[in-house]
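Below: the structure, in structure tokens.
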Amino acid sequence: MKAILIDDEPLARALILEYLADYPEIQVVQECNDGFEGLKAISQHHPDLIFLDVQMPKLTGFEMLELADPLPAVIFTTAYDEYAMRAFEASAVDYLLKPFSKERFDKAIQKWLSHHQATSFAEKAEHLANQTNKHADEQNRVAVRYGNKISIVPAQDIYYIEAYDDYVKIFTKDDYFLKKKTMTYFENTLNPNDFMRVHRSFIVQLQCITRIEPYEKNGHVALLKNGKQIPLSRSGYAKLKAHLGL
């Protein structure tokens with residue numbers, strides 16, 4: 001069974017390697033310093049299990065999971081206890097809080113070995129990737145795939161988000177990106193002081209709105225800096241007026 005270690009701390013990876021010495025059936029095929037390396041390793045090796053830190057440079061563990069394909073089983077290893085542990089433990093194999101003992105590590109491994117079913121854990125990992133209790137950095141950026149590349153889009157560069165079947169389109173000034181997420185996901189993740197869902201199919205950055213205009217009968221649209229007209233639902237119009245103090 002193949003495993004990958006994804007943690008920016010070499011000592012943390014060394015400890016896991018030491019603990020794994022008692023499990024010859026688990027082969028560590030790669031160690032990764034950050035989420036970008038982790039994504040490449042997952043794509044290359046198709047591991048059964050990954051040990052994943054949460055706070056890492058470039059990509060957080062959660063952002064990496066959103067982009068990973070296929071999704072392996074996950075054991076989180078982190079020094080922070082602020083990431084909705086109960087919810088994550090229900091979705092991931094386990095959640096190890098650094099520094100963790102050999103006994104605690106063994107418990108996590110045994111838990112995984114006793115439930116080693118790829119389909120089941122893929123479903124759990126996908127559920128985990130959709131958790132809306134996000135790290136603070138993820139309110140301020142969105143990780144997207146662009147062809148074979150991965151881009152980090154700062155939230156301040158997003159003009160609006162539009163529903164698109166099972167995906168959303170994330171529009172910046174000059175481009176857009178597809179991401180397989182729901183509107184509700186972004187409604188709950190992006191900073192509510194900066195973004196508002198003004199229609200079933202649209203979320204807008206408030207700073208990008210230049211004015212509100214009437215449209216047809218009793219409808220209204222928001223005009224953005226780039227000239228795009230965003231339809232406002234009745235409830236969206238009411239929320240926007242209240243936010244603007246109109």
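Along the sequence shown, the residues carry numbers beginning at 1. We use all heavy atoms of the structure for the numbers below, so side chains are in, but hydrogens, waters and symmetry mates are not.
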Please check this pair: side chain of [X] against backbone of [Y], looking for a donor-acceptor N/O pair closer than 3.5 Å.
{"X": "Lys111", "Y": "Val93", "value": "yes"}
{"X": "Asn188", "Y": "Thr184", "value": "yes"}
{"X": "Asp165", "Y": "Tyr167", "value": "no"}
{"X": "Arg104", "Y": "Lys107", "value": "no"}
{"X": "Ser43", "Y": "Leu39", "value": "no"}

Pairwise distance [atom1]([X]) to [atom2]([Y]) - rounded to 0.5 angstrom:
{"X": "Ile16", "Y": "Ile109", "atom1": "CD1", "atom2": "CD1", "answer": "9.0 Å"}
{"X": "Lys239", "Y": "Arg197", "atom1": "NZ", "atom2": "CZ", "answer": "8.0 Å"}
{"X": "Asn140", "Y": "Asp194", "atom1": "CG", "atom2": "CG", "answer": "7.5 Å"}
{"X": "Leu20", "Y": "Phe51", "atom1": "CG", "atom2": "CZ", "answer": "4.5 Å"}
{"X": "Leu11", "Y": "Glu18", "atom1": "CG", "atom2": "CD", "answer": "11.0 Å"}
{"X": "Cys32", "Y": "Met56", "atom1": "SG", "atom2": "CE", "answer": "9.0 Å"}

For [X] versus [Y], what's the shortest heavy-atom pair and its separation?
{"X": "Val168", "Y": "Thr182", "value": "CG1-C, 4.1 Å"}
{"X": "Asp7", "Y": "Ala12", "value": "OD2-CB, 3.5 Å"}
{"X": "Pro47", "Y": "Ile50", "value": "CG-CG2, 3.8 Å"}

Test side chain to side chain contact (heavy atoms under 4.5 Å, CB included) on Ile161 and Met183 and set out the steps. CA-CA 8 Å; Ile161 299 173; Met183 295 293 284; 4.0 Å; yes
Quick one: are [X] and [Y] in side-chain contact, heavy atoms under 4.5 Å?
{"X": "Val74", "Y": "Leu65", "result": "yes"}
{"X": "Asp53", "Y": "Asp8", "result": "yes"}
{"X": "Leu49", "Y": "Pro72", "result": "no"}
{"X": "Leu52", "Y": "Met64", "result": "yes"}
{"X": "Leu206", "Y": "Phe195", "result": "no"}
{"X": "Lys179", "Y": "Leu67", "result": "yes"}
{"X": "Ile230", "Y": "Leu223", "result": "no"}
{"X": "Leu240", "Y": "Leu244", "result": "yes"}

Go through the steps for Phe62 and Phe76 under the test ring-ring contact (aromatic ring centres under 6.0 Å, His included), then give the verdict. CA-CA 10 Å; Phe62 300 130; Phe76 275 105; 5.6 Å; yes
So, do Phe171 and Tyr159 have ring centers that fall under 6.0 Å from each other? no
Please confirm whether the ring centroid of His220 lies under 6.0 Å from the ring centroid of Tyr237. yes
Are Leu224 and Tyr215 joined in one hydrophobic group, where the rule is that I, L, V, M, F, W and Y side chains link up if heavy atoms are under 4.5 Å apart? no
If only side-chain N and O atoms count, and only distance matters, is there a donor-acceptor pair under 3.5 Å linking Arg13 with Asn33? yes
Does [X] [atom1] have over 12 foreign heavy atoms under 6.0 Å away?
{"X": "Lys169", "atom1": "NZ", "answer": "yes"}
{"X": "Glu213", "atom1": "CD", "answer": "yes"}
{"X": "Glu103", "atom1": "CD", "answer": "no"}
{"X": "Lys173", "atom1": "NZ", "answer": "no"}
{"X": "Phe36", "atom1": "CZ", "answer": "yes"}
{"X": "Tyr23", "atom1": "OH", "answer": "yes"}

One pair to check against salt bridge (Lys or Arg N to Asp or Glu O under 4.0 Å): Glu66 and Lys180. What are the steps and the verdict? CA-CA 9 Å; Glu66 290 178 18; Lys180 194 170 184 179; over 6 Å; no
Step by step, work out the side chain to side chain contact (heavy atoms under 4.5 Å, CB included) result for Ile150 and Val144. CA-CA 6 Å; Ile150 297 168; Val144 297; over 6 Å; no
Does the structure place the NZ or CZ of Lys181 under 6.0 Å from the centre of the six-membered ring of Tyr185, at an angle of no more than 45° from the ring's axis? yes
For His45, which of Gln30, Gln27, Lys2 qualifies under side chain to side chain donor-acceptor pair (under 3.5 Å)? Gln30
Is Glu63 paired with Arg141 through a side-chain N to carboxylate O contact shorter than 4.0 Å? yes
Inspect the contact between Glu37 and Lys58 and indicate whether a charged nitrogen and a carboxylate oxygen are less than 4.0 angstrom apart. no
Mind telling me whether Tyr19 and Phe105 have parallel, tilted or perpendicular rings, with 30° and 60° as the class edges? tilted
Mutual orientation of the aromatic rings belonging to Phe202 and Tyr160 [parallel < 30°, tilted 30-60°, perpendicular > 60°]: tilted
Dump the intermediate steps for side chain to side chain contact (heavy atoms under 4.5 Å, CB included) on Gln205 and Leu190, then the final yes or no. CA-CA 10 Å; Gln205 184 187 164; Leu190 292 171; over 6 Å; no
Apply side chain to side chain contact (heavy atoms under 4.5 Å, CB included) to residues Val153 and Ile158 and explain how you reach the verdict. CA-CA 8 Å; Val153 181; Ile158 298 172; 3.9 Å; yes
